[in-house]
Amino acid sequence: MIPSSSSTYLSQLNDVQRAAVTTTEGPVLVVAGPGSGKTRVLTYRIAYLIEQGVAPWEILALTFTNKAAREMKERIEKVVGPRANRVWAGTFHSLFARILRVEAEHIGYPSNFTIYDTDDSKSLIGVLIKEMNLNKDNYSVNSVRQRISSAKSNLITPKLYQQNEELMNQDRMSRMPAMHKLYAAYTARCKKAGAMDFDDLLYRLYELLQAHPDVLKKYRDRFRYLLVDEFQDTNHLQYSIVRKLVQYDGSPRNICVVGDDAQSIYAFRGATIQNILDFENDFQKFNIQVFKLEQNYRSTEHIVQAANEVITNNSRQIQKKIWSDKGDGQKIKVIKAMTDNEEGKRIADTILEQKNRYHLANKEIAILYRTNAQSRVFEEYLRRYNIGYRVFGGLSFYQRKEVKDLIAYLRVVVNPQDEEALRRIINFPKRGIGNTTVSKITELAIRQDISMYDAVIQFPASGRTRSNLDGFIDIIESARKRLDSANAYEIATLVAKKSKLEDHYKKDNSIEGMGRQENFESLLNGIQAFVADDTTIDTDTLPDSSLATYLQNIALLTDFDEKDPEQADHVTLMSVHAAKGLEYKSVFVSGLEEKLFPSFMSMDSPDGLDEERRLFYVAITRAEQFLTLSYANARYRYGKMTYNEPSRFLTEIPPIHLDNTANLRGVSSQSRAPMGPPAARVTGHFKRRQANPTAPVIDPKDFKPSPSGDIAAGMYVLHLKFGKGKVIHIDNGVAQIHFKSVPNPDKKIMLKFAKLQIVE
DNA sequence: AGGGCGCGATTTTTT
DNA sequence: ATCGCGCCCT
């Protein structure tokens, strides 16, 4: 029954790792270089604690991403079995949300409070700017949100903000003198809406612990052992909470933080490596133990040494030298390209070559970039080469309009005070409640100091407007009535029908519309799965399949958290940020140009530049065996061609680690040649093994859409995604076309939008 | 009230 | 280049 004894897994650790695992009492700082077995140390430490008799629920393990939390839980489970589920392991945001749900009443929130995502926050700020008659040219929603967010992350209340001369001065200088009023108003409105934004999940918890000693004591007693992963990415507020939980008289101070200052890449949103330094100071007199994990088990030496060299260009860092015993390995390749397009082609070519020569699987390969917008070229070429790929990041499933629409209805059902959700759906799908009515309702709400939902109910209006409003109220109320008796899925389907959302999306048969239908349906399926998989283990929280629980779960999810069918053999495309914590046999780091990587946003300050360099450090240390860096002399940005120098980071790698053969055939005639299919020998070899063999291959360069008016029934046309198809008939601007080479060959396409080329 | 059109801004990363 | 927003027209 016991999955494995401690001796088994402890023997898998090196001396430093083992010491970090078995030093369970008192404060511990683990400085963990890339690939040094950090996750292994964390999970084994928890497993070890449990074997030493610590109850799983006395352990609080805070991570930064859901992915990291899940991975950790899975790995603990492998060692100690199902007990692992009782460990409080999760992200700061999700665990704190869970606690806040239980304790909400203490701070005047409903336990089914809404979580506002960044879009909701921005939308509310926009509304407030308008309401307060501020000039929206001076008050940009983004900078206001940023300032509010960083105020909260530094424990500055609206009141303290107003008393802070420095902040107030900054605001005056940037022509936002009413900033503090906005902050106060924003806070009040969130509270009134029963809503917390991402920062509130931390900030309100801090307040709660601060103001309620009994609650604080409860969690201090409960969590006897704390662990924090990726400590370099925590902000001041997060550390303050952690400190509150462990730093007090009589505390055993069993806290272990793991991090790497060289991999801190979230300073832009308030993370500070100062926390690591503070941690050392704060726990100095409590016999803090520091362990440095310096052996890299991931990469070969050229890669490791290059990383070491690069990071020495940063001004301050914790001294450490990463080393590897995996041998020299391959040198780092550099691809120079004329254009971003050529960069894409050359990388795709190199991928084919590597697959051929080293028998790499797609999933052992990743292409990384600084900004998500760069993924496009790579997608194009990988598609043409029939290499399966998957893009991470960008718009997450839960940010899609059709998904947010239904979610918004559900949010209002659970919490009618949720103003942002209400605003989104009050007239969507259209039901004759126009802007005029909505702003009158808003005024009423403000004047009477009631919620917007109550204002909708009370709004005095004549015939049609009134009955439209009643129609809306009825949708919400009929679902609310069933909140206690029905599960999340039943309510969701009811709302989808009654609101006419389902109809709205079903009747749109354009390509995009069908995608939305699919998303809409998979949202409903997801809710059904949630209901079916009712496995909440916590006794504290409401272990149920209720709508409220569902909403709180998904609010903190991102794309990454979709269960990836791990078998799928695809090349991974993602931003460098998203790649943190991952590793691949072969890694391509693209777009190494000044103003792109490093980003122009960060170039003017030394701190910004240091962060970009750490980002580069993270990027190259993802590679196990093959590392390829690339840049282009010219690339399209914001619709026009831009020219940039190669990134300074390239010159920071000593040439001894670089493979210069790539340079020799760098900017040659071949790179200027029009894009043709890759060498037949190479494609031919791999084509058979690729996923998605039906995807047609059309060179976008050869594609010239015909005027939509020229298209008639009976013609053969080309479509970029679906390939060749026959136009069956055209009805009211919508063509029915049969594409024989795709799984669902019959498509309805709106001629107005679709780009089709007549071929015969 | 709703739909269409044109302009403008936006583009670093994410819980 | 793409998207969203606001304005104007019906």
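Letters A, B, ... mirror the listed sequences (proteins, then strands); counts begin at 1.
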Inset, instruction - For B/dA1, take OP1 and OP2 only and decide whether either is under 4.0 Å from a side-chain N or O of A/Thr436. - result: yes
Inset, instruction - Sequence neighbours left out, what passes side-chain hydrogen bond (donor to acceptor under 3.5 Å, both in side chains) with A/Ser499? Give chain and number order. - result: none
Legend entry - Within-4.5 Å side-chain heavy-atom neighbours: A/Asn427 and A/Arg431: yes
Legend entry - Inter-nucleotide C1' distance (B/dT12, C/dC5), Å rounded: 24 Å
Legend entry - Which nucleotide in B/dT12, B/dT15, B/dG3 has an atom nearest any side-chain atom of A/Phe198: B/dT15
Legend entry - Options B/dT13, B/dT14, C/dT2, nucleotide nearest the side-chain atoms of A/Arg376: C/dT2
Inset, instruction - Would you mind reading off the distance between A/Asp340 atom CG and C/dA1 atom P, rounded to a whole angstrom? - result: 12 Å
Legend entry - Euclidean distance, atom CZ of residue A/Phe392 to atom P of B/dT13 [Å, nearest integer]: 17 Å
Inset, instruction - State whether the aromatic ring of A/Phe268 stacks on the base of B/dT13, taking stacking to mean ring centres under 5.5 Å apart and ring planes under 30° to each other. - result: yes
Inset, instruction - Using the six-membered ring wherever Trp is involved, compare the ring planes of A/Phe649 and A/Phe597 and label them parallel, tilted or perpendicular (cut-offs 30° and 60°). - result: perpendicular
Legend entry - Sequence-distant partners of A/Arg175, side-chain hydrogen bond (donor to acceptor under 3.5 Å, both in side chains), two or more places apart: none
Legend entry - N or O in side chain of A/Asn427 less than 4.0 angstrom from B/dG2 OP1/OP2: yes
Inset, instruction - Choose from B/dT15, B/dT13, B/dA1 the nucleotide whose nearest atom is closest to any side-chain atom of A/Tyr266. - result: B/dT13
Legend entry - Shortest side-chain distance from A/Ala578, nucleotide among B/dT12, C/dT2, B/dT14: B/dT14
Inset, instruction - Show the numbers, then the answer: is there a side chain to side chain donor-acceptor pair (under 3.5 Å) between A/Asn314 and A/Tyr617? - result: CA-CA 11 Å; A/Asn314 269 14; A/Tyr617 179 85; over 6 Å; no
Legend entry - Touch class at under 4.0 angstrom, heavy-atom based, for A/Phe64 against every strand present: sugar-phosphate
Inset, instruction - Send over the distance from A/Phe600 CZ to B/dT13 P, rounded to a whole Å. - result: 11 Å
Inset, instruction - Ignoring backbone atoms, test whether A/Asn372 places a side-chain nitrogen or oxygen under 4.0 Å from the OP1 or OP2 oxygen of B/dT11. - result: no
Inset, instruction - Send over the distance from A/Lys152 NZ to B/dT15 P, rounded to a whole Å. - result: 18 Å
Inset, instruction - Starting from C1' on B/dT14, measure out to NE2 on A/His93 and report it in whole angstrom. - result: 9 Å
Inset, instruction - Kindly state whether the ring of A/Phe64 and the ring of A/Tyr266 have centres lying under 6.0 angstrom apart. - result: yes
Inset, instruction - Measure from the side chain of A/Glu612, starting at C-beta and using heavy atoms only, and say which of B/dG2, B/dT12, B/dT15 lies closest. - result: B/dT12
Inset, instruction - Calculate the interatomic distance between A/Asn142 atom CG and B/dT12 atom C1'; express it in whole Å. - result: 12 Å
Inset, instruction - Under 4.0 Å between any heavy atoms, over every strand shown, what does A/Asp199 touch: base, sugar-phosphate, or nothing? Just pick one. - result: nothing
Legend entry - Interatomic distance, A/Lys595 NZ vs B/dT13 P [rounded to whole Å]: 19 Å
Legend entry - Rounded interatomic separation in angstrom, taking CG from A/Leu596 and P from B/dT13: 11 Å
Inset, instruction - Kindly say if A/Ser575 contacts the phosphate of B/dT14, meaning a side-chain N or O under 4.0 Å from OP1 or OP2. - result: yes
Inset, instruction - Look at the side chain of A/Lys130 and decide which nucleotide, out of B/dT13, B/dT15, C/dG6, has an atom nearest to it. - result: C/dG6
Inset, instruction - Report the nucleotide, chosen from B/dA1, B/dT13, B/dT12, that has the shortest atom-to-atom distance to any side-chain atom of A/Thr437. - result: B/dA1
Legend entry - 5' priority, DNA chain B, between A/Ser94 and A/Ser140 [closest heavy atom]: A/Ser140
